Amino acid sequence: MNFRSLKGMKDVLPSESALWLHVENTIRREMDLFNYREIRTPILEETGLFARSIGELTDIVTKEMYTFQDRGKESVTMRPEGTAPTIRAYIQNNLGEQSPLSKVFYLGPMFRQERPQAGRLRQFHQFGAEAVGSSSPQLDVEMIILPISIYRRLGVDAFSVKINSVGCEKCRPRYKELLKTELMKVRSKLSPESQARVNDNPLRVLDSKDENDRKLTAHMPLIKDHLCEECRTHFASVQFHLGAVGIKYDIDGRLVRGLDYYTKTAFEISSPALGSQDALAGGGRYDLLVKELGGRATPGVGFAAGIERLLIALAEVRGSAAATPSPDLFIVAQDEASREWSFVHAAELRSKGIATEVDYLGRSVKSQMREANRQNARYVIVVGADELRSGRAAMKEMATGKDFPVSLDAIEIPAPRP
RNA sequence: GUGUCCAUAGUUCAGUCGGUUAGAACGCCAGGUUGUGGCCCUGGAGGUCGUGGGUUCGAGUCCCACUGGACACCCCA
């Protein structure tokens with residue numbers, strides 16, 4: 001019986017984990033700089049949380065969630081995104097009472113049962129941030145700068161930014177009706193997917209990739225031209241602040257996020273390195289969400305970004321070069337007695353902070369040297385009967401091939417690790 | 001959920017018109033050379049050709065089904 005990982009679920013192998021760590025460290029450091037604190041929420045949540053926030057009729061909720069009954073017969077779901085759990089935790093722990101503005105970030109696995117393809121997995125990883133408690137358009141812009149700063153820090157600077165405003169509870173219903181009547185006129189000619197959306201989610205019809213849909217809706221009114229006073233001002237302000245910090249962007253009047261909780265600002269950052277699934281990050285404002293989930297009405301903004309997609313974009317710019325850790329010292333043992341000596345002394349050296357490796361396979365000196373070289377060990381000591389008797393050995397610096405005498409009971413690494 | 005393409009050593013691949021014992025490179029193991037590793041040289045291990053069925057005197061090669069994978073639709077990060 002050969003077990004395989006589930007479809008769309010991948011192992012991060014030892015050869016790749018250094019790169020992951022590098023990316024994660026860079027994300028954490030940037031979150032620090034922007035003053036966001038990490039929040040870690042459970043993978044499993046009550047199913048209703050997602051249905052309520054993301055939207056009962058969205059694709060995510062209707063056909064992509066890992067939902068099952070636990071042993072207590074409660075319907076639970078593996079989180080498909082990070083915002084709903086974060087807001088749930090915000091409300092449950094009264095974070096809003098402790099300070100007027102909460103700035104938090106998360107980093108971890110998300111689950112969506114879709115057909116895998118390039119840049120799309122069933123278990124994937126996202127990092128994201130949420131700022132809850134302010135309706136300042138500067139925070140909308142911060143949610144765009146933040147992921148961009150991380151990308152730049154990593155060396156990815158080929159991306160494009162699209163923004164839109166999807167209005168609020170005051171202007172969106174009116175616009176929806178307007179758009180719906182327009183769509184009804186051409187309904188029968190739309191693609192099946194779009195036809196199904198005319199009633200429930202007319203805005204998504206405008207975001208269809210179908211060429212014919214595009215043609216049919218080309219002249220139709222866009223929500224950005226039908227915003228209420230407040231939303232219009234907000235959107236203008238977002239654009240002003242984006243310009244002020246020097247972020248290039250395009251306004252895409254058809255951009256709609258696939259999650260229902262967004263209001264006002266919606267944005268997407270995409271990369272040409274990515275292929276069909278080209279969104280690196282997406283997000284927007286959700287001024288109604290906290291109340292929707294049972295908290296007191298509190299405005300919020302956030303973004304989410306895919307780590308696997310970032311890794312793809314990273315591979316395009318540089319040959320995924322993150323330094324793999326290597327031992328400071330490899331002790332080559334010539335016989336059983338020295339093998340035992342190395343085993344015992346490796347532990348001592350490690351406690352002193354010297355990364356030390358020994359041979360466990362009883363290999364020849366030549367093989368052990370090859371192993372030390374393969375592992376990119378900085379120094380090697382060959383220990384045999386003579387060395388144990390005299391207490392002295394030669395320590396070889398692998399990069400230069402030069403060696404120098406050391407006392408076996410006082411081994412030190414000359415220079416600190418780079 | 002739909003479609004297209006793909007499946008041969010650990011990895012990347014070659015394998016002619018269907019024809020004898022399925023190959024290469026890299027990697028791995030052992031040895032030689034070297035001041036004890038890298039470079040070089042010699043040797044070795046490693047394959048149910050994804051699985052099952054069919055056609056044929058004969059199938060890695062042709063046909064069918066299944067499984068797995070990649071990509072695209074859809075959706076989104």
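Throughout, protein chains are lettered first and strands after them, A, B, ... in sequence-line order, and every chain is numbered starting at 1. Note that the structure is a prediction, hence the values are computed from the model and not measured.
- Counting atom types as modelled, A/Asn373 pairs a side-chain N or O with a base atom of B/G37 as donor and acceptor under 3.5 Å.
- When the C1' atom is used for both B/C63 and B/U55, the distance is 7 Å, rounded to whole Å.
- Straight-line distance from the CZ atom of A/Arg363 to the P atom of B/G37: 15 Å, rounded to whole Å.
- Inspection of the A/Ser407 and A/Asp409 side chains reveals an N or O donor paired with an N or O acceptor under 3.5 Å.
- Within the model, atoms CZ of A/Phe330 and OG1 of A/Thr356 stand 10.5 Å from one another, a figure rounded to the nearest 0.5 Å.
- The existence of a salt bridge linking A/Asp252 and A/Arg254 is excluded, since no basic side-chain nitrogen approaches an acidic carboxylate oxygen closer than 4.0 Å.
- Shown here, B/G23 forms a base pair with B/C13; the pair counts as Watson-Crick or G-U wobble because both key distances fall under 3.5 Å.
- Phosphate contact (OP1/OP2 of B/A77, side-chain N/O of A/Arg257, threshold under 4.0 Å): present.
- Among the protein residues, A/Thr58 comes within range of no part of the nucleic acid, since none of its heavy atoms lies under 4.0 Å from any strand.
- With hydrogens and angles left out, the side-chain atoms of A/Thr400 and A/Glu397 include a donor and acceptor closer than 3.5 Å.
- Both A/Val380 and A/His125 lie near RNA chain B, and the one whose nearest nucleotide falls closer to the 5' end is A/Val380.
- Going from atom NZ of A/Lys402 over to atom C1' of B/G35 covers 15 Å, rounded to whole Å.
- Applying the 4.0 Å criterion to OP1 and OP2 of B/G1, one finds that A/Lys63 has every side-chain N and O outside that range.
- Figure legend. B/C39 is base-paired to no nucleotide; pairs are counted as Watson-Crick or G-U wobble with both atom distances under 3.5 Å.
- Among B/C29, B/A70, B/C40, the nucleotide with an atom closest to any side-chain atom of A/Lys10 is B/A70.
- In terms of phosphate contacts, A/Arg197 brings a side-chain nitrogen or oxygen within less than 4.0 Å of OP1 or OP2 of B/C75.
- Rounded to an integer number of Å, the gap from CD of A/Glu114 to C1' of B/U2 is 15 Å.
- Taking atom CG on A/Asn212 and atom P on B/C74, their separation rounds to 13 Å, with Å as the unit.
- Pair assignment for B/G3: B/C71, on the basis of Watson-Crick or G-U wobble contacts that are both within less than 3.5 Å.
- Rounded to whole Å, the separation between the P atoms of B/U2 and B/A65 comes to 15 Å.
- Side-chain proximity of A/Ala118 to the nucleotides B/C71, B/G31, B/C75 is greatest for B/C71.
- A sub-4.0 Å separation between OP1 or OP2 of B/G38 and a side-chain N or O of A/Arg374 is absent.
- Side chain of A/Arg115, nearest nucleotide from B/U2, B/A77, B/G69: B/U2.
- Sequence order on RNA chain B of the closest nucleotides to A/Gly282 and A/Gly401 puts A/Gly401 first from the 5' end.
- The separation of B/G52 from B/G44, taken at their P atoms, amounts to 31 Å, rounded to a whole angstrom.
- On a pure distance criterion of 3.5 Å, no polar donor-acceptor pair joins the side chain of A/Lys396 and the base of B/G35.
- In this structure, the nucleotide among B/U36, B/C75, B/A77 sitting nearest to the side chain of A/Glu64 is B/C75.
- OP1 or OP2 of B/G31 has at least one side-chain nitrogen or oxygen of A/Ser364 nearer than 4.0 Å.
- Residue A/Gly128 is classed as having no contact, given no heavy-atom separation below 4.0 Å to the nucleic acid.
- Nucleic acid contact for A/Ala372: none, since no nucleic acid atom lies under 4.0 Å from a heavy atom of the residue.
- For A/Arg120 against B/C74, a side-chain-to-base donor-acceptor contact under 3.5 Å is present.
- For A/Phe127 and B/A77, the CZ to P distance is 13 Å, given to the nearest whole Å.
- Comparing the P positions of B/G19 and B/A25 gives an interatomic distance of 24 Å, to the nearest angstrom.
- B/U33 sits 13 Å from B/G38 when the P atoms are compared, rounded to a whole Å.
- In this structure, A/Lys209 reaches the B/C73 phosphate: one of its side-chain N or O atoms is under 4.0 Å from OP1 or OP2.
- Between the C1' atoms of B/U11 and B/G69, the separation comes to 16 Å (whole Å).
- Here, B/G50 and B/U56 have their P atoms 23 Å apart, quoted to the whole Å.
- Computed from coordinates, the A/Gln368 CD to B/G31 P distance equals 11 Å when rounded to whole Å.
- Taking atom P in both B/C29 and B/A22, the straight-line distance is 26 Å, to the nearest Å.
- Look at NZ on A/Lys7: it is 12 Å from C1' on B/G1, rounded to the nearest Å.
- Ion pairing between A/Glu114 and A/Arg122 fails under the 4.0 Å rule for side-chain N and carboxylate O.
- A side-chain donor from one of A/Arg37 and A/Asn35 sits under 3.5 Å from a side-chain acceptor of the other.
- Taking only distance into account, the side chain of A/Gln277 meets the base of B/C75 through a donor-acceptor pair shorter than 3.5 Å.
- Closest to the side chain of A/Asp59, from the set B/G37, B/C74, B/U36, is B/C74.
- A/Arg172 and A/Glu169 are not joined by a salt bridge, as no carboxylate oxygen comes within less than 4.0 angstrom of a charged side-chain nitrogen.
- Here B/U34 is the nucleotide among B/U34, B/A30, B/A77 with the atom lying nearest to any side-chain atom of A/Lys366.
- If you check every strand for non-hydrogen atoms under 4.0 Å, A/Leu274 touches nothing.
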